[in-house]
Asks: 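After the structure tokens below, expect a handful of questions from me.
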Amino acid sequence: DDASFAKALVKSSGASFFVQDAFGAAHRAHASTHAITLCLPSFAGLLIEKEYTAITDAMAHPAHPLVAVVGGAKVSDKIELVERLITVADKILIGGAMANTFLQFKHYDMGKSMLEPDQEEILRDIYELAAEKVGHENVDNFLVLPKDVAVSEDADTLDQVRREVAVEKIAEQERALDIGSQTIQQFCDVIAGAGTIVWNGPMGLTEIEAFSIGSARVALAIASNAEATSIVGGGDTADLVRVTGDEDDMTFISTGGGASLELIEGKVL
């Protein structure tokens with residue numbers, strides 16, 4: 001975000017105006033995305049307008065119930081997202097490897113599953129924030145964790161056989177790699193009744209076909225709810241929707257991963 005480099009860009013290009021239309025980079029303070037705007041009259045492009053309008057309108061004026069589907073690997077990457085969603089959502093469905101860390105916090109033995117260490121205080125704060133909204137007795141119906149998972153003792157080969165177990169029956173050598181059939185059905189039922197759906201992060205290890213089922217079924221459930229406004233975060237989630245062929249049935253698929261995340265969180269890009 002060097003000012004002298006931005007001035008050099010302006011001088012060498014001879015530009016009179018700057019139009020920012022790279023939404024996927026709009027959250028990054030680089031010379032070519034931010035410092036240059038201090039040197040020239042600057043404007044948002046049509047894609048920026050489309051992205052900003054779709055995401056902020058869905059968060060500020062959602063049709064209820066607003067159902068958020070949150071996955072991916074790390075709780076730490078989604079803290080502010082979850083905190084923001086708690087304030088606006090009617091239900092939050094949590095999958096992916098980050099669900100493992102939530103389940104461990106709830107005293108489930110997660111075997112060899114991918115876990116993020118040192119998240120206890122953060123999760124305690126998240127549950128307290130949720131309890132302030134819905135009451136302690138309703139938190140588990142608001143922050144919905146998997147009831148069952150697909151497991152394997154080896155996540156390194158592509159020809160895995162899918163085996164499903166209840167979350168309280170994960171063996172010592174097993175790792176949870178996707179949400180299970182009961183959880184898939186529960187998530188799909190909730191999605192079917194939603195008025196607004198915000199999805200960010202896969203439900204499992206989608207690189208392996210056997211553990212992409214949860215994400216594919218969630219994508220189909222969202223696409224099948226024609227009455228709802230569906231906002232799909234960019235990055236891996238957008239790629240997944242394109243692979244499953246549900247792209248045309250989503251209301252809006254963001255072109256930016258980190259940018260859409262920060263905009264949903266309410267940050268200024």
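By convention here, the first residue in the shown sequence is residue 1.
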Asks: Within the structure provided, determine whether V167 and K147 are in side-chain contact (heavy-atom separation under 4.5 Å).
Replies: no

Asks: Might you point out which heavy atoms bring A221 and C188 nearest each other, and give the distance in Å?
Replies: CB-SG, 3.7 Å

Asks: With a 6.0 Å cut-off (strictly less than), is the heavy-atom count around CD of E168, excluding the residue itself, greater than 12?
Replies: yes

Asks: Distance check, rounded to the nearest 0.5 Å: E164 atom CD versus I179 atom CD1?
Replies: 9.5 Å

Asks: Would a 4.5 Å heavy-atom cut-off, applied to side chains only, mark I126 and L143 as touching?
Replies: yes

Asks: Looking at G71 and M98, what are the two nearest heavy atoms and their distance?
Replies: O-SD, 3.3 Å

Asks: In the structure I gave you, are the side-chain heavy atoms of D109 and I170 within less than 4.5 Å of one another anywhere?
Replies: no

Asks: Anything under 30° is parallel, anything over 60° is perpendicular, the rest tilted; go ahead and classify Y127 against F105.
Replies: parallel

Asks: Does any non-hydrogen side-chain atom of L145 lie less than 4.5 Å from one of Y108?
Replies: no

Asks: Give a yes or no on whether I231 and I94 share a hydrophobic cluster (residues Ile, Leu, Val, Met, Phe, Trp, Tyr; joining criterion: side-chain heavy atoms under 4.5 Å apart).
Replies: yes

Asks: Of all the heavy-atom pairs spanning A228 and A194, show the shortest one and how long it is.
Replies: CB-O, 3.4 Å

Asks: Please tell me if the side chains of L177 and R162 come closer than 4.5 Å, counting only heavy atoms from C-beta onward.
Replies: no

Asks: Working to the nearest 0.5 angstrom, can you tell me the gap between I191 CD1 and Q186 CD?
Replies: 10.5 Å

Asks: So does E265 pair up with R84, basic N to acidic O under 4.0 Å?
Replies: no

Asks: Which atoms form the tightest heavy-atom contact between S113 and N100, and what is the distance?
Replies: CB-ND2, 3.7 Å

Asks: Looking only at heavy atoms, what is the nearest atom pair of T101 and L123, with distance?
Replies: O-CD1, 3.7 Å

Asks: Heavy-atom distance under 4.5 Å between the side chains of L263 and F23, does that happen here?
Replies: yes

Asks: Can V198 be reached from I253 by stepping across I, L, V, M, F, W or Y side chains whose heavy atoms are under 4.5 Å apart?
Replies: no

Asks: Take I36 and Q20, measure what side-chain contact (heavy atoms from CB on, under 4.5 Å) needs, and give me the verdict at the end.
Replies: CA-CA 10 Å; I36 197 169; Q20 167 63 298; over 6 Å; no

Asks: Indicate yes or no: at least one non-hydrogen side-chain atom of V149 is less than 4.5 angstrom from one of V165.
Replies: yes

Asks: Starting from W199, can I reach L85 by hopping between I/L/V/M/F/W/Y residues whose side chains sit under 4.5 Å apart?
Replies: no

Asks: For S254 and S260, which heavy atoms make the closest approach, and how far apart are they?
Replies: OG-CB, 3.4 Å

Asks: More than 12 non-hydrogen atoms from neighbouring residues, nucleotides or ligands closer than 6.0 Å to CZ on F142, yes or no?
Replies: yes

Asks: So do the side chains of R242 and D239 get within less than 4.5 Å of each other, counting heavy atoms only?
Replies: yes

Asks: State yes or no: do V241 and L93 share one hydrophobic cluster built from I, L, V, M, F, W and Y residues joined by side-chain heavy-atom distances below 4.5 Å, directly or via other members?
Replies: yes

Asks: Stepwise, does the side-chain contact (heavy atoms from CB on, under 4.5 Å) test hold for F252 with T229?
Replies: CA-CA 8 Å; F252 186 77; T229 297; over 6 Å; no

Asks: Please indicate whether R28 has more than 12 foreign heavy atoms, meaning atoms of other residues, nucleotides or ligands, lying under 6.0 Å from its CZ.
Replies: no

Asks: Do N200 and V70 pass the side-chain contact (heavy atoms from CB on, under 4.5 Å) test, and can you show the C-alpha distance, the side-chain angles, and the key distance before you say yes or no?
Replies: CA-CA 5 Å; N200 188 288; V70 184; 5.6 Å; no

Asks: Could you list all the salt bridge (Lys or Arg N to Asp or Glu O under 4.0 Å) pairs where at least one residue sits in residues 115-143, not counting sequence neighbours?
Replies: K106-D140

Asks: How many angstroms lie between atom OG1 of T251 and atom CD1 of I197, to the nearest 0.5 angstrom?
Replies: 8.0 Å

Asks: Please report the interatomic distance CZ(F18) to OG(S32), rounded to the nearest 0.5 Å.
Replies: 7.0 Å

Asks: To the nearest 0.5 Å, what is the distance between NZ on K169 and CD on E174?
Replies: 12.0 Å

Asks: Measuring from E172:CD to R175:CZ, what's the distance to the nearest 0.5 Å?
Replies: 13.0 Å

Asks: Partners of R217 by salt bridge (charged side-chain N to carboxylate O under 4.0 Å, His left out), sequence neighbours excluded?
Replies: none

Asks: Would you say I184 and L103 are hydrophobically clustered, going by side-chain heavy atoms of ILVMFWY under 4.5 Å?
Replies: no

Asks: Between T255 and E51, does any side-chain donor sit less than 3.5 Å from a side-chain acceptor?
Replies: yes

Asks: Take atom CG in N225; do more than 12 heavy atoms of anything else shown fall under 6.0 Å from it?
Replies: yes

